[in-house]
Amino acid sequence: MTDPVKLAVVYYSSTGTVAELARTLAGEAEKAGARVRLRRVAELAPDAAIDSNPAWRANLDATRDVPEASPDDVVWADGVLFGSPTRFGNVAAQLKQFVDTLGGLWQQGLLQDKAYSGFTASGTLHGGQESTLLALYNTIHHIGGIVVAPGYTDPVKFADGNPYGTSHVNPQGQHPVDDTARAAAAVQARRVVAVAQALRDGLAPALAAQSQLARA
Ligand SMILES: Cc1cc2nc3c(=O)[nH]c(=O)nc-3n(C[C@H](O)[C@H](O)[C@H](O)COP(=O)(O)O)c2cc1C
């Protein structure tokens, strides 16, 4: 019996959409046999900004029990799912800030050769979901991670229509996460768990052996 694959779901969410996608992905990864850490990154916005939007304050209060992400969660994991709402077509500063604290771990070779994938939400169709995920994947390329996009690998992916990662359109909370997004999340979670396991058990040791950045 092999050890379960370890998956970290690390997200930022202001008003709860990405948080719900994160919970869905975490649950699907557990169903696929993974040991999962669900983690939210620290909120950096000032209280005045948070209190300007009741949904923002409500989501922050509702997710206080979700442990805050730490760099160790990424080191621990064989696979990482990063989630962020679209912010002007880009990754939210809160998630970016977390990722930007990982530089020392990258230099030690502790981030490479894992499976990474992303998920997002926007307020409008064509509102920047794909550019957000591609921006996130820039970082993965730089740290030597293996990008595991869901692609059009399952019929349900033709319904949600985003081969780069699970995504959902939710302007101001009127369209909560639906069955289409949940089905896409299940495909993505299963795929990331499978690739993370294959990497851990096969390819990652071989990649590490030829890298100058030895794992600590
Ligand atoms: C500062 C800011 C910038 C945003 N930029 C975009 C954008 O470029 N395109 C878009 O469709 N939605 C944009 N949105 C809307 C959010 O991405 C969208 O409501 C998302 O579903 C929120 O996810 P959350 O509920 O997890 O916070 C923006 C929202 C904020 C607050």
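In each ligand, atom 1 is the first atom listed, and ligand 1 is the first ligand listed. Atoms considered below: every heavy atom in the structure, side chains included; atoms not considered: hydrogens, waters and symmetry mates. Since this is a predicted model, take the numbers as computed values, not measurements.
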- Task: Walk me through it: do D47 and R57 pass the test salt bridge (charged side-chain N to carboxylate O under 4.0 Å, His left out)?
- Result: CA-CA 9 Å; D47 279 338; R57 173 59 70 192; 3.1 Å; yes
- Item | Check ion pair D78-K114 (N to O, under 4.0 angstrom) | no
- Query: Between E28 and R191, is there a salt bridge with N-O shorter than 4.0 Å?
  - Reply: no
- Kindly write out the residues that satisfy salt bridge (Lys or Arg N to Asp or Glu O under 4.0 Å) with K96, not counting sequence neighbours, or none if the list is empty. D100
- Query: With a 4.0 Å cut-off, would you call R37 and D72 a salt bridge?
  - Reply: yes
- Query: How would you list, by chain and number, the residues with a heavy atom under 4.0 angstrom from ligand 1?
  - Reply: S13, S14, T15, G16, T17, V18, P85, T86, R87, F88, G89, A121, S122, G123, T124, G127, N170
- Message: When you compare the side chain of L21 with that of T120, does any pair of heavy atoms fall below 4.5 Å?
- Response: no
